[in-house]
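Scroll down for the structure; my scribbles are underneath it.
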Amino acid sequence: MATQGVTPRGATPRGVTPRSEDYSRWYTDVVQQAELADYAPVRGCMIIRPYGYELWDSIKIALDRRLKATGHRNAYFPLFIPMSFIEKEAEHVEGFKPELAIVTHGGGSELEEPLVVRPTSETLFGEAYARWIQSYRDLPMLINQWANVVRWEMRPRLFLRTTEFLWQEGHTAHATREEAVEETLKILDIYAEVSEKVCAVPVIKGRKSPQEKFAGADDTYTIESMMGNKWALQGATSHFLGQNFAKAFNIQFLDEKNELQLVWTTSWGMTTRTVGAVVMTHGDDKGLRLPPAIAPIQVVIVPIWKTDEEKVSVFAFADEVKTQLNAAEIRVELDAREGLSPGFRFNDWEMRGVPVRLEIGPRDVAARSVIACRRDVAGKEAKMSMTVEGLAPRILALLDEIQVSMLKCATEFRDAHLCKASNLAELADIVEDGWALIYHCGTRECEDKIKEETKASSRCYPLDKNESWSPKGKVCAVCGKPAFGKAYFARAY
RNA sequence: CGGAGAGUGGCGCAGUCUGGUUAGCGCGCAGCGUUCGGGACGCUGAGGCCGCCGGUUCGAAUCCGGCCUCUCCGACCA
């Protein structure tokens, strides 16, 4: 690679900043050079470019299908929320007030009541549910919406934290506490499945500490992933809201015994941040690496020729290959650009993370074969020759193999950086290059202390059933108070 | 909001200290030609009121004052 080492003075570097040199620079380089997103005129806002949006679309389709399969229906609630709605739930307003965008003027005059640009829609759903839910027969109410929300964040980063972002937010109401908790965990499982099976991003499912939970929730469940620099990223959250919003919005129903009851609600969301998670879980110094399940282009054909005659035969053969793969519903693209050397085009597609590249030159035409090169492995092992007869099934198998292999690699990487700690010094050491699992008291003071000394925050109390996590008789590894549970601590985005 | 940098063709930078005629360079872009199995090359060309406002001066990208914006590092967060 010509990009290694010192860039000649005055020359623009080709490729991205190496991860080892500056991880966050590497991240922004990849996002921009792979044309996933670009900065927008307003601070903290980004333009999601077609390639990035297609990636999000794939994730969205996978998640939407699963939500519908579990009985959820899509709807659309408005962008504006009356200020007074936000103020109805004490903890909720406390949590969101600092990051609200508020509209004070409309139609040329000052509004009587300011309108909040939704940071999340619990309050709007609450108001509607109070009107829509009358009887136990109306329950459960399972509605999801795909929308944009706005949170005035201090420190934006492309995809990971932008002022405006896209997500889905599910809002459900149930007759009993048990049903609502069950829903909360069911959704968490769906998020974990989409993350792992679709995005090949391994997760640890867990519960948030009281400090880290959603403003207005009784319990927040999360999926946490380890990025390439070993920092943690919260991938999605599922909240058990208890009866907090039911009380605030008076969402009541008559049960079978004709008694008035408050509903139990949940809310949950997965965002465009997931795109950032994919970049940081799989990317390398050559750019993006995309799991086949969400790759907008799964296979790219790069034709190679010298003479006009070769060009004709190579393109005819490439078209034949493309047609075959298309028929098998493989997302395939033919790189018909002229005037760019093969090497340049190889690097270009590698930057974009296309899982499989097929090289087709005169030699391949003669042998009726192609050179297939997988993006997820380095070196000579990446390349293999395949005959064109029966190519599609073999490519499909290869794509499956890549999908599985990427999850496996990411999981192994993560597991190699998980470590137990028994005191603050050990924890501090571990979080320099991984996640530390400790018995923890769950108190704010203790979390703050850890944060101050190590920059690591409480990620979650893992739900791992295989691990005996009972805190009975255990004490906090940091402060010595009785343990609340086992928690992961890590540097986080 | 605290700390640090930076604003000069699309991108990355030089020039600013020590004001002086047509503001340079690399990449990219356009045209033509030669190339083409791991980031090709030549020639020709297009593109800039030097972030904004004001001041000093015969003369400001350059000096002075004010303002704005962006990026990075912290606190906040999906």
Side-chain angles (χ1 to χ4, degrees), chain A residues 1-4 7-15 17 22-25 27-29 32-33 38-44 95-99 119-120 149-169 191 208 211-215 220 222-225 232-239 267-277 286-287 302-307 310-311 314 337-351 357-365 370-371 373 379-380 382-383 385 448 451-452 455 457 491-493:
Chain A
M1 286 253 308
T3 53
Q4 302 297 327
T7 305
R9 233 154 52 93
T12 303
R14 282 229 173 100
T17 306
D22 183 340
Y23 193 81
S24 80
R25 181 81 170 276
Y27 174 76
T28 30
D29 283 354
Q32 289 178 94
Q33 289 187 34
D38 202 355
Y39 291 101
V42 175
R43 180 192 151 76
F96 280 104
K97 199 123 199 193
E99 47 187 274
T120 178
V149 287
V150 167
R151 300 180 185 179
W152 218 262
E153 300 290 357
M154 294 289 88
R155 194 143 122 55
R157 285 162 164 281
L158 294 169
F159 285 112
L160 303 178
R161 197 183 308 99
T162 44
T163 301
E164 178 188 4
F165 58 91
L166 306 183
W167 74 347
Q168 59 64 221
E169 49 176 323
Y191 285 156
K208 281 293 185 186
Q211 288 70 242
E212 298 275 340
K213 73 179 172 62
F214 176 74
T220 288
T222 176
I223 52 172
E224 300 281 328
S225 306
L233 185 75
Q234 179 175 307
T237 46
S238 185
H239 314 293
S267 70
W268 25 273
M270 189 177 221
T271 77
T272 35
R273 169 182 276 186
T274 305
V275 174
K286 293 168 112 179
V302 179
I304 300 159
W305 72 94
K306 286 190 178 70
T307 65
E310 282 175 350
K311 182 181 170 188
V314 162
R337 293 177 294 177
E338 297 189 31
L340 296 173
S341 70
F344 181 92
R345 288 180 288 160
F346 294 168
N347 282 287
D348 191 47
W349 291 110
E350 280 162 0
M351 175 63 68
R357 179 180 72 239
L358 300 182
E359 302 170 12
I360 296 181
R363 295 203 293 269
D364 307 292
V365 175
V370 300
I371 301 293
C373 179
K380 285 217 167 72
K383 291 199 184 189
S385 180
D448 287 349
K451 183 108 188 214
E452 202 171 304
K455 293 182 181 170
S457 58
R491 294 285 300 267
Y493 280 100

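Residue numbering restarts at 1 for every chain, and letters A, B, ... go by the order of the sequence lines. Every value quoted in this text rests on a predicted model; they were computed, and no experiment measured them.
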When you measure only distances, ignoring hydrogens and angles, does the side chain of [X] come within 3.5 Å of the base of [N] through a donor and an acceptor?
X         : N      : value
Arg357(A) : G38(B) : yes
Glu350(A) : G38(B) : yes
Lys383(A) : G38(B) : yes
Asp364(A) : G37(B) : yes
Arg161(A) : C77(B) : yes

State which of [options] makes the closest approach to the side chain of [X].
X         : options                : result
Arg155(A) : G38(B), G37(B), G74(B) : G74(B)
Trp305(A) : C36(B), G38(B), G74(B) : C36(B)
Arg491(A) : C72(B), G38(B), G74(B) : G74(B)
Lys451(A) : U71(B), G37(B), C76(B) : C76(B)

Practice task
Indicate yes or no: does Glu359(A) engage Arg357(A) in a salt bridge with an N to O separation below 4.0 Å.
Solution key: yes
Practice task
Using a strict 4.0 Å threshold on nitrogen-to-oxygen distance, state whether Lys208(A) and Glu224(A) make a salt bridge.
Solution key: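 The answer is yes: the pair qualifies as a salt bridge.
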Distance between [atom1] atoms of [N] and [M] (Å, rounded):
N      : M      : atom1 : value
G33(B) : C53(B) : P     : 46 Å
C43(B) : C25(B) : P     : 14 Å
U21(B) : C68(B) : P     : 34 Å
G20(B) : C50(B) : P     : 15 Å
A61(B) : U8(B)  : C1'   : 7 Å

Handout entry: Non-hydrogen atoms of Val149(A) and Thr120(A) that approach each other most closely
Key =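 Closest approach of Val149(A) to Thr120(A), heavy atoms only: CG1-N, 4.1 Å.
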Handout entry: Contact check, side chains of Thr162(A) and Glu153(A), non-hydrogen atoms, under 4.5 Å
Key =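 Not touching, per the 4.5 Å side-chain cut-off.
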Exercise for the section: Tell me what Gln234(A) touches on the nucleic acid: a base, only sugar-phosphate, or nothing, going by heavy atoms under 4.0 Å. Expected result: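 Sugar-phosphate contact only - Gln234(A) comes under 4.0 Å of backbone atoms but never of a base.
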Exercise for the section: Please work out if Ser341(A) contacts a base, only the sugar-phosphate, or nothing of the nucleic acid, heavy-atom cut-off 4.0 Å. Expected result: sugar-phosphate
